[in-house]
Amino acid sequence: MKLTLSAGIGILLTAMFVLSAIFAPLIAPYPLDLTVGGVWDAPSAKNWLGTDTIGRDILSRLIYGGQITIFVALASSVIAFSLGSFFGFLAAVRGGWTDQILSRIVDLMMAIPSPIVALVLLSVLPLNLPVLILVIGVLDSTRVFRLARAVSMDIAVMDYVEAAKLRGEGQIWVIFREILPNALSPLVAEFGLRFIFAVLFISTLSFLGLGVQPPLADWGGMVKENKDGLIYGKSAALMPAAAIAALAISVNLVADWVLSRTTSLKGGRGA
Amino acid sequence: MPEIEKNLLDIQHLRIEATSYPPGEPPRDVVLVDDVSVSLKPGRVLGLIGESGAGKSTIGLSSMAYARGGARLAGGHIILNGRDIIHLTGGKLRSLRGKEVTYVAQSAAASFNPSKRLMDQVIETTLKNRLMPRPAAEKRARELFRKLGLPNPDSFGERYPHQVSGGQLQRAMTAMALCPKPDLVVFDEPTTALDVTTQIEVLAAIKEAIRDTGVAALYITHDLAVVAQVADDILVLRHGKKVEYGTTDQIINAPKQAYTQALVSVRSIDHEEKAEAPPVLSVAHVTARYNGTNFDVLKNVNVELPAGQTLAVVGESGSGKSTLARAITGLLPPTQGKITFAGRELSPALPGRKRDDLRELQMIYQMADTAMNPRQTVGQIIGRPIEFYFGLKGEAKRVRVQELLDQIEMGKGFADRYPAELSGGQKQRVCIARALAAKPKLIICDEVTSALDPLVADGILKLLLDLQRQENVAYLFITHDLATVRAIADRIAVMYRGQVVRYGSKTDVLTPPFDDYTDLLLSSVPEMRLGWPEEVLEHRKMESAGN
C-alpha cells in the first residue's frame with residue numbers, strides 16, 4: 001500500500017509526539033514544577049512558548065503533560081479494545097441469550113452520555129490514574145463492542161468458522177484464531193479513532209477538574225490553569241489546546257490511511 | 001454454397017484488455033480476449049462456450065460495443081449491420097443498444113426492478129427508442145408472453161417480479177429482449193441459475209422464440225449439452241483465445257481439438273456399483289425444522305450408507321438435501337428420529353458429541369473460498385486437524401501435511417501459500433485434504449463440484465474416487481447434478497420437499513418404472529442429442545393427456 005502525503009505527515013507528527021513523551025526528561029528544558037519566570041511571560045528565547053499562570057515554562061510542561069495524556073489515552077484505549085472486542089466476538093459467536101444480555105447492557109451504557117457517567121463515577125471513586133484509565137476504558141469499550149460484534153457477525157457465518165466448530169474447537173480458538181485475524185484491519189483503524197476520542201475525553205475531564213490531578217500535568221489541565229489568561233490576551237491557554245488538536249489530527253490522518261486500506265471489509269483480507 | 005447473404009455481425013481480430021491491480025505490485029495490463037474473429041448471418045444462432053474466465057461473456061457484450069467495468073475494447077473491428085461500432089459513443093450507442101442488439105442476463109431475479117410491474121419493464125426499451133406506440137408494444141409483449149409459454153399471458157404483465165417464479169422471470173426477460181424486434185439477441189447463461197426441471201422448459205421456450213421471430217442470437221453458456229440444443233454454430237473459447245469454431249454437428253460429433261474433445265467427453269468416469277455392506281451411517285425417521293418456523297424441512301427421512309461407499313442425495317434447491325447434512329453433523333438437531341454412526345448413536349446436538357464422532361465425520365463445502373480461513377496458510381489449514389486430533393507437532397506434523405498434499409496431487413511448495421494464491425480446483429483439493437487429515441469414516445460433500453468448471457470438477461471427482469479406494473471412506477454426496485451422480489454413486493436418495501421420494505442402489509433408482517418426480521428430474525438432464533427438449537416435453541404432454 002502506497003504511503004500518501006497526508007499519512008506521511010500524520011505518521012511524522014505522531015512519532016514526534018510519542019518520542020517527546022518517552023524522552024521527556026531529556027528533552028524538556030526545565031523541570032515540571034520549577035518557576036522560571038514571571039506570570040504569563042510572552043514567548044522568548046529563554047521560554048520558547050512563554051510561561052504559565054505561576055511562571056512555569058509552558059514548553060516543558062507540554063512535554064511532560066504529553067506523557068500523561070498519551071499514556072492515559074493509550075492505556076484506556078487498550079482496555080476498551082480488549083474488553084470491547086472480546087465481548088463483541090463472544091456475542092457474535094454464541095448468539096442467543098449471551099448476545100442479548102451483552103448487547104442490552106451496552107445499549108444501557110450508551111443511552112446515558114458518557115461524560116455524565118464519567119463525572120458521576122469520578123466524583124464518587126478515588127481520583128487517581130488507574131481509576132481514571134479504567135473508567136474511560138470501560139465507557140469507550142461500548143463503541144468497540146458494537147463494531148467488533150458487527151464485523152464478526154459477518155465472519156461467524158463463514159464456512160471456515162463452521163468447519164472449526166465441527167472439528168470440535170473451543171470458543172477461545174474460534175474467537176482468537178478464526179475470527180480475530182480476519183477482523184483485525186477494521187479494528188486497527190478504529191483503534192486510532194478511539195485513541196483520539198480518549199485524548200479528547202481525558203482532556204475534557206481534566207479541564208473540568210476531575211481528570212489528572214496536580215502536581216501531575218496534562219494538556220486539558222493546562223488549558224484549565226491558563227484559561228483566565230485569555231481575557232488578558234495571553235496565549236498560554238492556546239498552546240496545550242493546539243497540542244491536543246495537533247495530536248488528534250495527526251493520529252486521525254494515520255487512522256484514515258489505515259481505514260482506506262480496508263474500505264471493503266472483505267477485500268482487505270486476501271493478501 | 002452461395003455466399004450472397006450479408007453477415008449481420010462480423011467480429012474481426014477482436015482484442016479486449018483490462019488493467020489488473022495485484023496487491024503490492026505495479027498495475028499491469030491483462031488480455032481478456034485475444035484475436036477472436038466470428039461472423040453471424042441473420043437468423044442464425046452462435047453458441048459461445050468455455051470455462052469461467054474464457055472471455056465468452058466479454059465477447060458477447062462486445063457485440064453491443066460494451067465492455068464491463070475496467071475492461072476496454074483495445075483492437076479489431078465489430079461490424080454490425082455493415083458499420084464498425086467499436087468506436088461509437090454516447091447517443092449513437094444508446095440507439096444501437098435495445099434497438100438492434102438486446103441482452104438477456106443470467107440472473108433475471110437480480111436484473112428486474114422489484115418496484116415496477118413486469119409489463120412496464122418489458123416494453124421500456126421499445127418505448128424509449130420510439131419503435132412503436134405503447135398499445136402496440138403491449139400487444140407485442142402479450143404475444144411474446146404467449147409464445148414463451150407464460151401462464152395467463154394477457155394479465156402476466158400486471159404482476160411484479162416477486163410474484164412470478166425464477167423460470168418465468170427468465171422468460172419475461174427474453175420477452176423484454178425480443179420486444180423491440182432486434183436483429184441480434186445476446187443470451188448470457190440464461191438457464192444456468194435455474195433448476196434442471198425448470199431449465200428444460202425455459203430452454204425450449206427460448207429456442208422456439210428464436211425460431212419464430214427469426215432473430216439472430218449469441219448464446220453464451222458453459223454447458224455444451226445446452227448450447228447444442230439452440231446453436232447452429234459453436235465457438236469454443238479458452239483463456240480468451242479461440243480453440244475451435246464449427247457447426248454444432250461437427251463440434252459435438254467430430255471435435256478436432258483435444259480441449260473440445262475433453263469438453264465433449266466430460267463425466268466419462270466409470271464407476272462400478274459396490275455390493276451391499278453393513279452401514280456406517282444410518283438415518284432413521286429423522287424430522288427437523290428450523291427454530292421459529294412451523295414447517296418441517298425434513299420429514300421422516302430414512303437412509304443408510306454402507307462403509308466405503310457413496311450415497312448421493314439428489315434434488316432441486318429447497319428440497320432439504322443440505323438440511324439433511326446439517327442434521328447429520330449436529331448443526332441442526334432433529335426434532336425426531338435418530339442417527340447412528342459407526343455403531344454408536346449420535347447425540348442430536350453438536351456440543352454433546354465425542355471428539356471421535358467429530359473426527360470420523362468430516363465435511364467438504366461447496367464454496368472452497370469461504371471454507372478456508374484466508375489468514376491461514378495451506379499448511380496451517382491442513383495441519384490443524386492433525387494437531388487437534390492426533391497431537392502431532394513440528395516435524396511430524398509437517399511430514400504428514402506433505403503426505404496429504406501428495407495424496408491430493410498438489411506436491412511440494414504449497415504448504416506456505418495462502419488460499420488467495422490458489423486456483424478454484426486447488427482450493428477444493430485443500431479442503432479435501434483437511435477432511436482427510438482427520439482420517440474420517442465418512443465425508444459429507446455438499447455440492448463440492450457445483451462451483452467448478454466441468455474439467456476441473458471432473459478431476460475432483462476422480463480424486464475423490466481414488467481416495468475412497470485408498471482410505472475406504474464413505475461419502476454422503478449432496479448434488480443437484482445427475483451426471484455427477486451417475487459418475488460416482490453406489491446408492492441414491494432422491495429428495496423432494498423434505499422427503500425421500502426414491503431410495504436404493506444406483507441401478508434400482510435409475511431403472512424404470514419411475515415415480516413421477518424422479519421421471520421429471522431424470523428426463524430434464526440436458527443431453528447432447530439434438531431435439532432433446534422438444535422430445536421430452538412432447539412426451540410429457542402426451543402422458544398428461546393420457547392420464
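In the text below, chain A, chain B and the rest are named by the order of the sequence lines, each starting its count at 1.
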CZ/B/Phe414: more than 12 non-hydrogen atoms of other groups inside 6.0 Å: yes
Exceeds 12 heavy-atom contacts within 6.0 angstrom, atom CG of B/Asp416: no
Neighbour count >12 (heavy atoms, 6.0 Å) for atom CZ, A/Phe17: yes
Where A/Arg167 and B/Leu358 come nearest, the two heavy atoms and their spacing: O-CD1, 3.9 Å
A/Asp159 (side chain) donor-acceptor with B/Thr370 (main chain) under 3.5 angstrom: no
Nearest heavy atoms of A/Ser185 and B/Arg375, plus distance in Å: OG-NH2, 3.7 Å
Greater than 12 external heavy atoms within 6.0 Å of A/Phe197's CZ: no
Atom CZ of A/Arg94: over 12 foreign heavy atoms under 6.0 Å: no
Per-residue contact mode, B/Met363 against chain A (heavy atom under 4.5 angstrom): side chain
B/Arg384 vs A/Arg177, side-chain contact (heavy atoms from CB on, under 4.5 Å): CA-CA, chis, key distance, verdict: CA-CA 11 Å; B/Arg384 180 58 191 169; A/Arg177 296 304 189 88; 5.9 Å; no
Shortest non-hydrogen separation from A/Asn182 to B/Pro374 and the atoms involved: OD1-CG, 3.3 Å
Portion of B/Ile381 that has a non-hydrogen atom of chain A nearer than 4.5 angstrom: neither
Side chain B/Tyr365, main chain A/Tyr160, donor-acceptor under 3.5 Å: no
Residue pair A/Glu178 / B/Asn373: nearest heavy atoms and the distance that separates them: OE1-ND2, 3.0 Å
Contact class of B/Gln376 relative to chain A, heavy atoms under 4.5 angstrom: side chain
Proximity breakdown for B/Arg434 and chain A, heavy-atom pairs closer than 4.5 Å: side chain
Spacing of A/Glu162 atom CD and B/Leu331 atom CG [to the nearest 0.5 Å]: 4.5 Å
